[in-house]
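Start at 1 and go down the list; that is how both ligands and their atoms are numbered.
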Amino acid sequence: MELYSTNNKDLRVSFKDAVFNSMPKDKGLYMPVEIPRLDTNFIENIEEYSLPEIAYKIASTLLKDEIPAEDLKAIIEDAINFEAPAVKLDDKTFVLELFHGPSLAFKDFGARFMSRVMAYFLKDGEQLLDVLVATSGDTGGAVALGFLGVPNTRVTILYPEGKVSPIQELQLTTNGQNIRAIEVKGTFDDCQALVKQAFADDELNARFRLTSANSINISRLIPQTFYYFNTYAQLKKQGINEVIFSVPSGNFGNIGAGLLAHKLGLPVKQFIAATNINDTVPRFLASGVYETKPSTQTYSNAMDVGAPSNWVRIMNLFNEDVNELKKVITSYRFNDEETLAGIKEIDAKFNYVACPHTAIAYLAIEKYRKENPLDESAAVFLSTAHACKFPDIFPEDIAAKIEIPGQVKTLESKPKHADKLGIDFEGFKEYLMTK
Ligand SMILES: *Cc1c(COP(=O)(O)O)cnc(C)c1O
């Protein structure tokens, strides 16, 4: 598999290079030079395959001979060791539960696959890989749990004191082994600034093999295509051939993977990009003007992104042709009041508790159906996280219905460990050099 930079189509790197460097020096994003279509026979009989089998078919088609078959199968079986059920709410409406992994969010797909691919490419005797991440909640948990126990790697997570939910904090601070957490007396932006400065520091780079395990890493995008195909397989088993996907979007990696799946040959009638009031993309599709904004805090805080980093990838998939893109993607935005109303509606109609991000994807389907009454396709909205991660959002009667998964109960009995640091870079550097 060869990749190029969205800023320079002549720049070519291997998959391994793209995995360890996340971003090209020209600040573009890596994209596959070739996106082959899966064979029609496979897609027509996809309901006969399991999630790991589907995953292997996609990964081997894209990666070609970068990783030998048996090794790639082992990586997939180890990384994707949980289900992604499309739960039927009514004849035409399904919720795709992507929260059955260890951090209870869809980011487990990307983080677990990436960590294992990185470990695979680290040759015996190579220097320890040091992963630095700043998190406002969900990413850190997925990365920590994704790398937990992965040989030859160490993860350092910075999170803002008092600004992540109790479950998120447990996921960051109870791991031990090769994971360490730093509670920073500051904001998420302060955490991110510290990490960025560390990556730019010559002394640290000379001493450690640093990597960001960033959400733009191509090895996080690829495994997210798996569940789109697997959902299609689940629906096809029930006689459904036409599907709409509604994706709660922040950095647009998840929907970007859906569009990549589409290019790989997945039959999809329409993608809906659902956002909160951080609505750079819906505004762009309405006005043709792409204007980023600083992010605003909302109930669906994992989508509080004013400058979605994967959008360039999506434009690139459509050769920058907005009219072509608009045939496949519709986009709507919803505010907090609407989000809460959506949570209540899903509860009332289906007796189902959806997290705020998920509720926004549901609202987008309702809106799409109102605007397109003739489209009778089945619609799938992606549930990106378990409701228990956002306990403060729900009215009491709905909160009472949330079942705490076993993983969380296990975490509660473990001791919390986090080192505390201020926001000065010297303190952080000293920590990295001496600990
Ligand atoms: C990260 C995240 C999103 C946004 O996904 P993108 O790929 O950044 O668009 C949505 N919901 C939850 C719960 C998340 O953690």
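Residue-ligand proximity, Lys107 to ligand 1, at heavy-atom distances under 4.0 Å covers atoms 1 (C), 2 (C), 3 (C), 14 (C), 15 (O). Residue contact check: Gly253 has heavy atoms under 4.0 Å from atoms 6 (P), 7 (O), 9 (O) of ligand 1. Interface of Ala385 with ligand 1, defined as ligand atoms under 4.0 Å from a residue heavy atom, comprises 13 (C). Ligand 1 places these atoms under 4.0 Å from at least one heavy atom of Ser249: 9 (O). Interface atoms of ligand 1 facing Pro248, defined by a heavy-atom separation under 4.0 Å, are 4 (C), 10 (C).
Between Asp138 and ligand 1, at least one N/O pair is under 3.5 Å apart. Below 3.5 Å of separation, one finds no N or O of Cys355 facing any N or O of ligand 1. Looking at Ala302 next to ligand 1, no N or O pair under 3.5 Å apart turns up. In terms of N/O distances under 3.5 Å, ligand 1 is approached by Thr384. Here's the thing with Asn251: one of its N/O atoms is less than 3.5 angstrom from an N/O atom of ligand 1.
Salt-bridge check for Asp279 with Lys293: passed, with a basic side-chain N closer than 4.0 Å to an acidic carboxylate O. The existence of a salt bridge linking Asp375 and Lys269 is confirmed by a sub-4.0 Å separation between a basic side-chain nitrogen and an acidic carboxylate oxygen. Under a 4.0 Å N-O distance rule, the pair Lys16/Glu66 does not qualify as a salt bridge. Using a 4.0 Å cut-off between charged nitrogen and carboxylate oxygen, Asp130 and Arg209 do not count as a salt-bridge pair. The pair Arg369-Glu376 does not count as a salt bridge, with every side-chain nitrogen at least 4.0 angstrom from each carboxylate oxygen.
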What do the steps show when you test Glu324 against Lys327 for salt bridge (Lys or Arg N to Asp or Glu O under 4.0 Å), and what is the final call?
CA-CA 5 Å; Glu324 283 304 307; Lys327 288 181 194 161; 2.7 Å; yes
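Side-chain atoms of Ser219 and Asn217 form a donor-acceptor pair, as typed in the model, at a separation below 3.5 Å.
Heavy atoms of Ala105 come nearer than 4.0 angstrom to ligand 1 in no pair at all.
Of all the listed residues (Phe390, Phe106, Phe99), Phe106 holds the heavy atom that lies closest to atom 3 (C) of ligand 1.
Cation-pi geometry between Lys401 and Phe394 is not satisfied (NZ or CZ under 6.0 Å from the ring centre, within 45° of the ring normal).
By the criterion of a heavy-atom distance under 4.0 Å, both the backbone and the side chain of Asn254 are placed next to ligand 1. Using a 4.0 Å cut-off between heavy atoms, Met303 contacts ligand 1 through its side chain alone, with no backbone atom that close.
Annotation: atom 4 (C) of ligand 1 to nearest protein heavy atom, Gly250 N, 3.6 Å.
When the options Thr173, Thr135, Thr139, Asp138 are evaluated for a side-chain hydrogen bond (donor to acceptor under 3.5 Å, both in side chains) with Gln168, the one that passes is Asp138.
Summarising the local packing, CD of Glu83 is surrounded by 12 or fewer heavy atoms from other residues, nucleotides or ligands at distances under 6.0 Å.
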